[in-house]
Amino acid sequence: MKAVILAGGEGTRLRPLTLATPKPVVPVVDRPLLQHQLDLLATVGVREIVFSVAYRPERVQRVFGHGSGSQTIVYAVEDTPLGTGGAVKNAERFLDARTIVFNGDILTDVDLRAVLDLHERSGASATIVLAPVPNPAAFGLVEADATGRVTRFIEKPDPAQITTNNINAGIYVLETAPLELIPPAVNHSIERGFFPSLIARGDRVMCHVHRGYWIDVGTPEKYLQVHRDILERRFPVALDAAPHGGGHVHPSASLDPAAHLEGPFYVGPRCRVAAGATLGHGSVLVDAVTLASGARVADSVLWAGVSLAEGASVEGALLGPDVKVGRHASVGPGACLGAGTAVTEYSRTR
């Protein structure tokens with residue numbers, strides 16, 4: 001059994017962070033986004049993964065190469081956008097009789113073994129993971145009968161059409177033979193085209209409702225939220241760092257003993273935190289971040305090479321690579337700064 005990760009989008013909702021960095025490789029604490037999905041696939045023994053990519057595929061390949069450890073990665077590159085169904089069809093030549101499909105912008109702790117067992121036991125052509133959400137109006141709803149067999153799809157329903165709060169979570173187990181329903185080399189939706197076609201011809205499509213952790217990290221707000229969730233253990237991740245002062249610190253990082261620590265936080269490799277600097281609740285320093293004396297970070301994610309000068313502060317913000325925040329400058333909640341941005345001394349972003 002193999003897996004396909006749909007990672008061809010441009011990440012427009014995360015701009016400016018994704019202008020130079022494809023969404024599949026944006027850092028989520030201590031590893032690229034898609035590494036979290038690879039780690040989950042490893043729990044059910046999936047060793048061969050197809051990355052379906054379109055936007056800056058060379059940068060994705062530069063980070064992931066051909067895989068590591070027991071997992072190997074191959075790439076199905078789209079010359080033109082093919083949609084979710086077309087992307088799976090484009091990867092068909094690499095697949096076995098059964099495959100797991102992941103949308104590339106979700107993080108979850110779903111029990112994949114339980115999903116696979118349901119799929120096998122029911123003899124389904126496809127099994128869809130669903131996730132309950134408080135406000136399903138902006139999503140595609142999936143209706144099922146009492147046995148878990150899917151009966152109908154409702155895309156972005158009117159309030160009167162909402163009969164369930166279970167939405168498509170972007171995780172599927174598919175038999176590959178029915179992919180014959182998807183025409184080759186055209187834009188095709190797996191949600192609006194392929195699955196309804198399966199149901200129309202009488203195939204069994206099952207659902208597994210996942211009531212654990214699930215998030216779509218496609219917006220700055222959700223991207224910041226997933227870091228809070230990891231630091232606060234709502235989404236457990238074994239970080240490549242040692243516990244220290246209420247947070248986690250990579251062995252190659254340097255924290256002056258006179259720095260102020262207010263965990264939880266994460267300090268990545270090669271970071272330097274000076275005496276008098278403050279790491280506030282929810283701080284993530286990805287790599288080679290420098291905090292000068294009196295600098296303060298809280299509830300923010302700082303990518304590689306960011307530097308904060310004396311007295312600078314960042315709170316509730318996302319800073320792309322190599323951002324420079326000058327002396328006593330302040331970057332406030334909701335800010336999202338692209339690569340190489342310079343915030344001059346005493347400036348305010350709010």
Would you check if the side chain of [X] reaches a backbone N or O of [Y] as a donor-acceptor pair within less than 3.5 Å?
| X | Y | result |
| --- | --- | --- |
| S300 | G316 | yes |
| S52 | I5 | no |
| R121 | H119 | no |
| S252 | R270 | yes |
| T341 | L337 | no |
| R296 | E315 | no |

Would you call [X] and [Y] a salt bridge, using N to O less than 4.0 angstrom?
| X | Y | result |
| --- | --- | --- |
| R13 | D105 | yes |
| D39 | R31 | yes |
| D203 | R201 | yes |

With the side chain counted from C-beta on, respond yes when [X] and [Y] share a heavy-atom pair under 4.5 Å apart, and no when they do not.
| X | Y | value |
| --- | --- | --- |
| I49 | L38 | yes |
| M1 | I100 | yes |
| H244 | L255 | yes |
| E191 | T84 | yes |
| V26 | Y223 | yes |

Under 3.5 Å, is there a donor on one side chain and an acceptor on the other for Y213 and D229? yes
For S347 and T344, does a side-chain donor sit closer than 3.5 Å to a side-chain acceptor? yes
Scan R228, E262, E232 and name whichever one has a side-chain hydrogen bond (donor to acceptor under 3.5 Å, both in side chains) with H281. E232
Only one of N166, D109, D111 forms a side-chain hydrogen bond (donor to acceptor under 3.5 Å, both in side chains) with H210, so which one is it? D109
Would a single hydrophobic cluster contain both V301 and V323, if residues Ile, Leu, Val, Met, Phe, Trp and Tyr are joined by side-chain heavy-atom contacts under 4.5 Å? no
Does M206 belong to the same Ile/Leu/Val/Met/Phe/Trp/Tyr cluster as V115, with side-chain heavy atoms less than 4.5 Å apart forming each link? no
Please work out whether the ring planes of H36 and F235 are parallel, tilted or perpendicular, with thresholds of 30° and 60°. tilted
Check each of V25, I106, V28 against L33 using the side-chain contact (heavy atoms from CB on, under 4.5 Å) test, and report the only one that passes. V28
Check: H328 ring centre within less than 6.0 Å of Y346 ring centre: yes
Do F102 and Y172 have ring centres separated by under 6.0 Å? no
Do other residues, nucleotides or ligands put more than 12 heavy atoms under 6.0 Å from the CZ atom of R149? yes
CG of L179 to CD1 of I182, rounded to nearest 0.5 Å, is 5.0 Å
